[in-house]
Amino acid sequence: MSTDDSTPDADPSPSDRDNFIYDIIDQDLEEDTYGDRVVTRFPPEPNGYLHIGHAKSIVLNFGIKHDYADRAETTCHLRFDDTNPDTESPEYVQSIKDAVQWLGYDWEEHEYYASDYFEQFYQYAITLIKQGDAYVDSLDEEEIREYRGSVDEPGTPSPYRDRSVEENLELFRKMKAGEFDDGEHVLRAKIDMSSPHMIMRDPLLFRIKHAHHYRQGDDWCLYPMYDYAHPLEDAIEDITHSLCTLEFDNNRRVYDWVMEHCLEEDELPSRPRQYEFNRLNLDYTVMSKRRLRHLVEEDYVDGWDDPRLPTIAGLKRRGIPPSAVRSFCRSVGVTRSQSRVQMSHFEHALRDDLNDRAPRVMAVLDPLKVVVTNLDEGEVEWLEANHWPRDIDKDETREVPFTRKLYIERDDFRMDPPEDFTRLAPGREVRLLNGYFFTCEEVIEEDGEVVELRGTIDPETRGGSSPDGRRDTSPEGSIHWVSASHGVPFEARVYDRLFDAPNPRAGDGEFTDHLNPDSLSVRNGLLEPAAEQPDATRYQFIREGYYWTDPDDSTDDHLVFNQIVPLRDTWGDTDSSLSREQIEERRREKEQEKQEHRQRSLEGKTDPVDLLSDEQRARVEHYHETLDVKRESAATIAGDDALADFFDTALDTYDAPSAVANWIVNELRAELKDRSVNALPFDGAQFANLVQLVDTDELTGRGARTVFDEMLENGGDPDAIVDAHDLRQVDDTEALDGVVTDVLTDNPDKVERYRDGKTGLLGFFMGQVMDATNGSANPEVARELLQERLDE
RNA sequence: UGCCCAGUAGCUCAAUCGGCAGAGCGUCCGGCUCUGGACCGGGAGGCUGAUGGUUCGAAUCCAUCCUGGGCAGCCA
């Protein structure tokens with residue numbers, strides 16, 4: 001019986017490799033950005049317990065270490081980001097280590113503490129001050145907030161912003177030496193108090209805190225801020241890919257600033273870079289440290305390892321295998337779009353993992369007595385039963401005692417069964433799994449409650465299979481049972497969602513208002529003797545769910561089993577399992593919503609010209625009226641003075657305003673991003689030459705983009721690039737005909753599918769022709785040829 | 001209101017340089033002479049948030065808008 005949890009190396013993963021972060025790493029490896037190093041890190045602050053959301057990050061970071069081990073030098077650091085002495089403690093450090101280890105990961109010797117870098121943070125700050133990039137500010141907390149401005153008002157510089165380097169150095173030294181009280185001074189980066197990005201309005205680098213640090217003691221009274229410390233931690237450890245969650249997106253600006261101002265020029269090309277991915281949001285639970293702590297401290301749950309909690313400790317105690325957590329984390333998707341993951345998704349991952357690892361046994365949770373009248377008292381028949389269903393490639397068996405008195409699940413009997421009920425009812429026959437067919441002949445009631453069923457078994461059906469003659473009359477239902485004399489009493493703890501709202505944080509009121517009062521229900525059941533040994537085996541209680549013994553509360557005298565996950569999705573209508581009508585309804589709602597969006601987006605439209613200054617409008621006028629450039633394009637170009645000048649220059653070389661404008665708006669701007677046109681390695685005249693080549697059909701649009709890429713990279717004369725790569729457009733029908741023939745004969749199956757009606761494949765064929773000709777085929781001619789040949 | 005991010009099947013996500021819109025879950029149907037559920041097979045399900053533009057060709061590039069989220073800690 002396998003009880004071990006497979007190691008991460010054994011996780012099947014090829015399909016999970018394709019998220020955007022893996023794409024970035026692939027590209028860095030290809031471009032040799034970091035040589036063959038891939039170094040990631042998991043950087044928790046030791047101020048709380050880890051939860052399933054952290055597991056996603058751990059699996060991502062350590063998963064990269066495993067997934068790239070065959071291609072690169074991979075490491076994943078465990079780094080405690082302990083820069084705030086107020087909240088951190090060694091207990092949390094230990095619990096974090098336990099959690100990472102439990103998940104199956106090994107950081108080897110790479111265990112680091114941000115607090116070990118305090119001296120380096122200090123030295124870098126001195127460098128910044130000397131460069132004039134940081135200053136000591138003596139405003140108090142409230143003033144700093146006021147001076148920062150707001151999202152729609154620029155900030156104002158602090159009166160201390162222009163202190164001399166010497167004064168700053170001296171003040172900063174005194175700050176470190178403990179000559180000031182908390183909050184008297186701070187060190188700030190000198191960036192831009194009027195930046196539209198709030199984060200760049202001179203972010204704080206250091207604050208004074210006379211506090212005891214759990215590792216550094218009282219050595220420091222100067223503590224770095226996250227935005228300053230984090231990039232440096234990454235740089236010190238030579239991290240290559242620094243992965244964090246989406247809410248740090250804004251912080252990346254400071255991250256990059258710190259890198260660029262603290263590191264040496266030659267270190268910059270291979271500096272760490274930050275990428276943000278979506279955090280895990282699981283329905284029907286809460287994930288924030290604050291709320292988890294509240295649940296624990298106010299005794300809503302039974303400690304940090306309460307099996308209803310999404311903490312790693314809770315998952316562990318509940319019996320969820322680490323391999324299941326890993327596969328779940330790999331399946332949820334690492335993207336940049338915020339998302340909520342349904343509980344059914346998580347449970348599916350658990351069942352999927354448990355299915356071929358958990359031996360089947362029978363346990364009755366809510367017992368109803370059954371007497372087999374054609375069996376003698378005291379008679380025990382030991383039946384052989386397989387631990388595994390047919391489709392699992394294992395066959396281990398155990399002996400199950402069959403006796404006159406049995407217990408079945410109360411739910412499996414109905415006095416007045418509905419139409420589709422296939423289990424027991426008066427006069428009905430059912431299969432007792434691994435045992436016999438049993439017919440209920442008598443129902444004994446006390447005070448209106450059914451207390452006992454009596455009936456007979458068909459001795460021909462031993463082992464639960466029917467003799468050939470009875471094949472057609474086999475009962476439809478199969479139920480589980482346990483011998484009354486041999487069954488072992490046990491306590492079953494059945495868990496349900498902790499909250500009854502998908503997002504307990506949403507809406508008014510306290511999140512604890514949404515607690516589900518039935519999140520734990522305790523049952524006193526009966527277990528077949530084969531499962532009695534309280535080891536760490538995870539069992540499937542047939543037709544009930546996966547269970548294991550509670551590691552803390554279960555004893556030889558009093559067995560306690562935790563439900564890991566039920567077999568059936570119990571999340572019902574509130575979750576993903578909507579009925580057809582509900583899905584239909586949802587679809588109608590969505591359609592209607594879309595209509596409303598459309599209406600609103602049409603109403604909200606503004607003329608881009610309205611967004612311009614008077615001067616710029618005059619330019620639009622000129623471009624649009626005189627030069628006949630499309631109004632929107634004219635506005636786009638006129639809205640950026642440098643771009644407009646570039647446009648004017650280009651027109652001096654090639655006077656085709658519409659063509660040049662189109663290229664500027666649609667192609668050049670796409671590449672420009674934050675850059676100004678003045679920073680490009682080519683000028684307006686060269687750009688105009690390129691446009692002319694396309695406009696006069698010397699080049700195809702696709703060929704032109706190849707040339708353009710080259711120009712962006714190295715500058716240069718478009719004509720020369722065209723010649724060097726032999727990109728001139730081919731219009732010659734005969735030459736193209738050969739290419740078309742080749743493409744069609746190379747893809748007979750696709751041709752067939754096209755002729756069967758999958759006309760979208762024309763794009764595929766076009767792509768093939770363009771590839772084959774290095775983008776130089778005249779697309780109109782090629783398309784015509786293809787169409788002609790395909791429609792034959 | 002400034003800046004940033006995202007929007008693809010009911011849900012979670014894919015879609016390489018702009019070139020066939022796919023997968024898993026859920027749902028429905030069927031299979032498994034021992035699980036109503038696990039497992040296996042199949043079907044249905046799309047105006048890629050909207051409108052315009054660029055292109056032979058747009059989910060992908062450009063513009064404007066719509067919707068949702070993040071940012072104004074001396075937290076991380």
Colleague: Side chains of A:His230 and A:Ser242: closer than 4.5 Å at any heavy-atom pair?
Modeller: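 Side chain of A:His230 against side chain of A:Ser242, heavy atoms only: contact under 4.5 Å found.
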Colleague: I'd like the C1' distance from B:rG73 over to B:rA58, given in whole Å.
Modeller: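 The same atom, C1', in both gives a distance of 44 Å.
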Colleague: Between B:rC20 and B:rC62, how far is it from one C1' atom to the other, in whole Å?
Modeller: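 26 Å, rounded to whole Å.
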Colleague: Is it the case that A:Ser138 and A:Glu184 place a side-chain donor and acceptor less than 3.5 Å from each other?
Modeller: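 There is no such pair between these side chains.
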Colleague: Dot-bracket for RNA chain B: what is it, with Watson-Crick or G-U pairs under 3.5 Å, [ ] where a pair crosses earlier ones, and | for a pair to another strand?
Modeller: .((((((..((((.....[..)))).(((((.......))))).....(((((..]....))))))))))).....
Colleague: Would you measure the distance from the C1' atom in B:rA21 across to the matching atom in B:rG46 and give it in whole Å?
Modeller: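 Taking atom C1' in both B:rA21 and B:rG46, they lie 8 Å apart.
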Colleague: Taking only side-chain N and O atoms of A:Ser339, does any of them lie within less than 4.0 angstrom of OP1 or OP2 on B:rU12?
Modeller: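 No, A:Ser339 has no side-chain N/O under 4.0 Å of OP1/OP2 on B:rU12.
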Colleague: Quick one: do the A:Ser337 and A:Thr335 side chains pair a donor with an acceptor below 3.5 Å?
Modeller: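 Short answer, yes.
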Colleague: Identify, residue by residue, the members of residues 79-87 of chain A with a heavy atom below 4.0 Å from RNA chain B, and return them in order of residue number, or none.
Modeller: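 Per residue number, the list reads A:Asp81, A:Thr83, A:Asn84.
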Colleague: With C1' as the reference atom in both, quote the distance from B:rG43 to B:rC56 in angstrom, rounded to an integer.
Modeller: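 Straight-line distance between the two C1' atoms is 36 Å.
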Colleague: Regarding A:Gln274 and A:Glu276, do their side chains bring together a donor and an acceptor under 3.5 Å, going by distance alone?
Modeller: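 The answer is yes; a qualifying pair exists.
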Colleague: Is the phosphate of B:rG19, meaning OP1 or OP2, less than 4.0 Å from a side-chain N or O of A:Lys750?
Modeller: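 No, A:Lys750 has no side-chain N/O under 4.0 Å of OP1/OP2 on B:rG19.
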Colleague: Are side-chain heavy atoms of A:Leu699 and A:Gln729 found at a separation under 4.5 Å?
Modeller: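 A:Leu699 vs A:Gln729: side chains apart.
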Colleague: Judged by modelled atom types alone, do A:Tyr255 and A:Asp234 share a side-chain donor-acceptor pair under 3.5 Å?
Modeller: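 Present: a donor and an acceptor within the cut-off.
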Colleague: Which protein N or O atoms sit under 3.5 Å from an N or O of nucleotides 4-8 of chain B?
Modeller:
| residue | atom | partner | partner atom | Å |
| --- | --- | --- | --- | --- |
| B:rC4 | O2' | A:Asp249 | OD1 | 2.8 |

Colleague: Quick check: A:Phe402 with A:Tyr436 (ring centres under 6.0 Å apart)?
Modeller: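 Close enough - the centres of the two rings lie under 6.0 Å apart.
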